[in-house]
Amino acid sequence: NDSLHSVTLSPTLSYTEPITKNSIVELNYNHTYTHHTTTNNTFDYEDAAHAYTSYDSLFSNSYKFESNSDRITLNYRIQNAKFNINAGSGVQFTTYNSLNTTKAIDVAHTYVNWTPAVNFMYSFSHMQRIRFYYSGRTGQPSASQLQPLTTTNDNINYTTGNPSLKPQFTHSVRLLYQSYN
């Protein structure tokens, strides 16, 4: 018996204020709520019943995972005929709670991360331009990755969770050159 139920809500509020004719400051607030419920109940075959009716606690692991994150970002943008630049950074506060409902193991963490971003576009002419994008973002571990349990799905491959696991941080860089004829 396997099932997964997942809900994610992520509203954002933005405020922009002109500084000069070609520049603005932008303030953003984002809250993200994530809730996952995973049910994994495994049953062994019973010869007497001729069915899979014997509950197997080794292979059964069900989870409730909840994450709340608040991100505040401040950006500065300049726009003119030759170039556009948008640079800023933010701070993200995240709490995780991973509960193994089968074995009653609760793992909770709070993290603080920064979220930088830079976008730059320069036009050499109407037919040639270059664009540069950079962003840094965090990614949350799954409920099973946080649990201090050794589990298996097939009696061959075993995995052990790490309750001290920190969020991943991903740097993304793109450079684009466009030329039209």
Side-chain angles (χ1 to χ4, degrees), residues 2 4-17 19 23-40 61-79 83-122 129-153 157-178:
D2 286 345
L4 172 66
H5 176 73
S6 181
V7 173
T8 300
L9 301 171
S10 187
T12 300
L13 296 172
S14 270
Y15 175 76
T16 57
E17 181 69 30
I19 302 298
S23 68
I24 62 168
V25 171
E26 179 182 42
L27 179 65
N28 293 306
Y29 168 75
N30 171 262
H31 177 80
T32 301
Y33 168 79
T34 303
H35 181 88
H36 300 288
T37 303
T38 305
T39 304
N40 181 5
N61 280 297
S62 297
Y63 302 98
K64 284 188 180 176
F65 178 78
E66 189 172 274
S67 169
N68 280 287
S69 128
D70 294 289
R71 185 176 70 232
I72 299 169
T73 308
L74 184 64
N75 297 308
Y76 180 68
R77 188 178 339 165
I78 300 172
Q79 295 176 300
F83 72 91
N84 296 334
I85 187 166
N86 185 5
S89 187
V91 64
Q92 180 173 322
F93 304 92
T94 304
T95 59
Y96 299 143
N97 189 331
S98 171
L99 173 63
N100 182 309
T101 56
T102 306
K103 296 175 175 63
I105 299 171
D106 196 4
V107 176
H109 288 291
T110 301
Y111 300 106
V112 178
N113 293 89
W114 63 289
T115 57
V118 175
N119 299 325
F120 176 75
M121 195 256 323
Y122 183 80
R129 70 177 62 126
I130 192 166
R131 293 176 188 232
F132 171 80
Y133 300 95
Y134 166 76
S135 67
R137 68 182 190 284
T138 60
Q140 63 192 25
S142 70
S144 61
Q145 289 172 327
L146 290 170
Q147 290 291 322
L149 297 170
T150 300
T151 59
T152 182
N153 289 332
N157 299 302
Y158 288 84
T159 60
T160 303
N162 179 359
S164 299
L165 191 62
K166 294 182 179 169
Q168 72 181 20
F169 191 83
T170 303
H171 297 275
S172 298
V173 177
R174 290 189 315 159
L175 182 62
L176 303 159
Y177 173 74
Q178 296 173 318

Answer whether the closest heavy-atom distance between the side chains of [X] and [Y] falls below 4.5 Å.
| X | Y | result |
| --- | --- | --- |
| S23 | Y76 | yes |
| T38 | F65 | no |
| T94 | P167 | no |
| R137 | T115 | no |
| V25 | Y15 | no |

Could you give the distance from [atom1] ([X]) to [atom2] ([Y]), rounded to the nearest 0.5 Å?
| X | Y | atom1 | atom2 | result |
| --- | --- | --- | --- | --- |
| T73 | Y29 | OG1 | OH | 11.5 Å |
| E17 | I24 | CD | CD1 | 9.5 Å |
| N97 | K64 | CG | NZ | 10.5 Å |
| I72 | L27 | CD1 | CG | 7.5 Å |
| Y33 | T8 | OH | OG1 | 9.5 Å |
| F83 | R129 | CZ | CZ | 15.0 Å |

Exercise for review: From the options S10, S67, S69, select the one residue that forms a side-chain contact (heavy atoms from CB on, under 4.5 Å) with T34.
Suggested key: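 Result: among S10, S67, S69, S67 is the only option passing the side-chain contact (heavy atoms from CB on, under 4.5 Å) with T34.
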Closest non-hydrogen atom pair, [X] against [Y]:
| X | Y | answer |
| --- | --- | --- |
| L9 | P11 | C-CD, 3.8 Å |
| D70 | H31 | OD1-ND1, 2.8 Å |
| G88 | N75 | CA-OD1, 3.3 Å |
| G161 | P163 | O-CD, 3.9 Å |

Exercise for review: Take N68 and F93 through the test side-chain contact (heavy atoms from CB on, under 4.5 Å) and record every step on the way to the result.
Suggested key: CA-CA 8 Å; N68 280 287; F93 304 92; over 6 Å; no
Check your understanding: Do N30 and T32 have side-chain N/O donor and acceptor atoms under 3.5 Å apart?
Key ->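 N30 vs T32: donor-acceptor pair found between side chains.
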Point to revise | Non-neighbouring partners of Y111 that pass ring-ring contact (aromatic ring centres under 6.0 Å, His included), sequence neighbours left out | key: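 Counting only residues at least two positions away or on another chain, Y111 forms a ring-ring contact (aromatic ring centres under 6.0 Å, His included) with Y96, H109.
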Point to revise | Working for side-chain contact (heavy atoms from CB on, under 4.5 Å), residues N100 and Y63 | key: CA-CA 4 Å; N100 182 309; Y63 302 98; 3.5 Å; yes
Review point. What orientation do H171 and F169 show, parallel under 30°, tilted 30 to 60°, or perpendicular over 60°?
Key: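 Ring orientation, 0 to 90° scale: perpendicular.
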Check your understanding: Is the side chain of T101 donor-acceptor paired with the backbone N or O of S62 at a distance under 3.5 Å, no angle test?
Key ->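 Yes, T101 side chain to S62 backbone: donor-acceptor pair under 3.5 Å.
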